[in-house]
Amino acid sequence: MKLSFINALIGLLYPSVCAACGSSLFKWEKLVCTRCRNLLPKTGYEMNEDNPLARMFYGKVRLKAVTACFFFSKEGKVQHLIHELKYKGNGDAGIFLGQELGKSLKEAPLFQGLDYLIPVPLHPKRERQRGYNQSQMIAQGISEVTGIPVGDKFLFRSVNTATQTHKTKEERWQNVKDIFAVKHPERLEGKYVLLVDDVLTTGATLEACALTLSAVPGINISCATAACAG
Ligand SMILES: [Zn+2]
């Protein structure tokens, strides 16, 4: 049997539904229905340097800009998409969110001249369970729209990765919290990077990542997530 035939059969047995609202999709709709695409609540924060998300990091770590694509509200469509991405193995939901984020960043002056998109690394054990890192899927979506490369080898979780007795070159870059570390810091010197995560809540993870990256000479850092509290 041809794979396309099997796919068609699966389509008949399990009709595609919108990853945001759960209603059936038309043949020409992919992943998210047209209605949801038009209704998802955009923040517009990418155009506002002094937005509430940027203020969360004031006095903690120096960031060029902070934004989230959508407002995240309980039982809402954005929550549903994030849930699909994190708990239902729907990596395409991350690509979609990333593409939407990428579209908003593309025209935003604060986010011009980016050299790399750096996804917040997931704990390797969690990544194995999920099959992917959700932040990486979002970064991939942004990259598809903007052409900015994903630099997913620069930042990694240092906890449980190396024995502390043998300090490597990379480990010298560990921040005070010892959660994240930078690989190949020399390649990030003088670069402008965008930290990418799924949801911005307390900002603690992004802060730890940004603090670690900020040890690199001449680096400029901005943060973007798919969603934030609304
Ligand atoms: Zn929908």
Side-chain angles (χ1 to χ4, degrees), residues 3-48 51-53 66-108 111 117 119-120 122 126-127 129-148 150 194-203 205-206 223-230:
L3 200 64
S4 57
F5 176 75
I6 295 170
N7 282 338
L9 201 65
I10 290 168
L12 278 174
L13 295 170
Y14 305 99
S16 306
V17 294
C18 170
C21 73
S23 65
S24 300
L25 289 175
F26 287 107
K27 212 163 55 185
W28 58 85
E29 291 175 330
K30 276 214 166 78
L31 192 76
V32 176
C33 74
T34 313
R35 196 177 131 80
C36 282
R37 281 171 194 263
N38 294 328
L39 287 178
L40 292 177
K42 289 220 162 149
T43 67
Y45 283 162
E46 71 279 359
M47 303 304 270
N48 176 8
N51 66 53
L53 303 182
V66 185
T67 192
C69 189
F70 297 115
F71 285 120
F72 178 83
S73 54
K74 275 209 158 166
E75 309 304 329
K77 295 169 189 298
V78 177
Q79 189 198 27
H80 201 267
L81 274 165
I82 297 281
H83 190 82
E84 285 278 314
L85 172 64
K86 290 178 82 170
Y87 307 108
K88 301 277 179 177
N90 192 346
D92 286 344
I95 304 278
F96 167 78
L97 288 165
Q99 288 169 339
E100 292 299 304
L101 181 53
K103 282 183 220 165
S104 59
L105 298 178
K106 217 174 169 182
E107 308 300 327
F111 295 88
L117 307 168
V120 168
L122 193 64
R126 292 281 294 278
E127 189 165 335
Q129 287 167 346
R130 193 167 291 159
Y132 54 81
N133 172 1
Q134 71 273 16
S135 302
Q136 178 143 10
M137 301 310 268
I138 295 166
Q140 200 179 312
I142 301 172
S143 183
E144 284 174 15
V145 172
T146 62
I148 304 160
V150 180
L194 183 70
L195 271 169
V196 178
D197 206 359
D198 51 0
V199 179
L200 202 162
T201 46
T202 65
T205 310
L206 283 170
C223 296
T225 65
C228 70

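Everything quoted here is computed from the prediction, not taken from an experiment. Both counts, for ligands and for their atoms, begin at 1 and track the order of listing.
The side-chain hydrogen bond (donor to acceptor under 3.5 Å, both in side chains) test applied to Glu144 returns Gln99, not counting sequence neighbours.
Here the shortest heavy-atom pairing between Gly102 and Val145 reads C-CG1, 3.7 Å.
The Zn ion (ligand 1) has Cys18 SG, Cys21 SG, Cys33 SG, Cys36 SG as protein N, O or S atoms under 2.8 Å away.
Put simply, the side chain of Tyr45 never gets that close to the backbone of Pro52: no donor and acceptor are under 3.5 Å apart.
The salt bridge (Lys or Arg N to Asp or Glu O under 4.0 Å) analysis of residues 22-36, with sequence neighbours excluded, yields no pairs. Among residue pairs with one or both ends in residues 85-106, those qualifying as salt bridge (Lys or Arg N to Asp or Glu O under 4.0 Å) are Lys42-Glu100, Lys86-Asp198, Glu100-Lys103; sequence neighbours excluded.
Trp28 and Phe26 have parallel rings, their planes meeting at less than 30° on a 0 to 90° scale where 60° marks the start of perpendicular.
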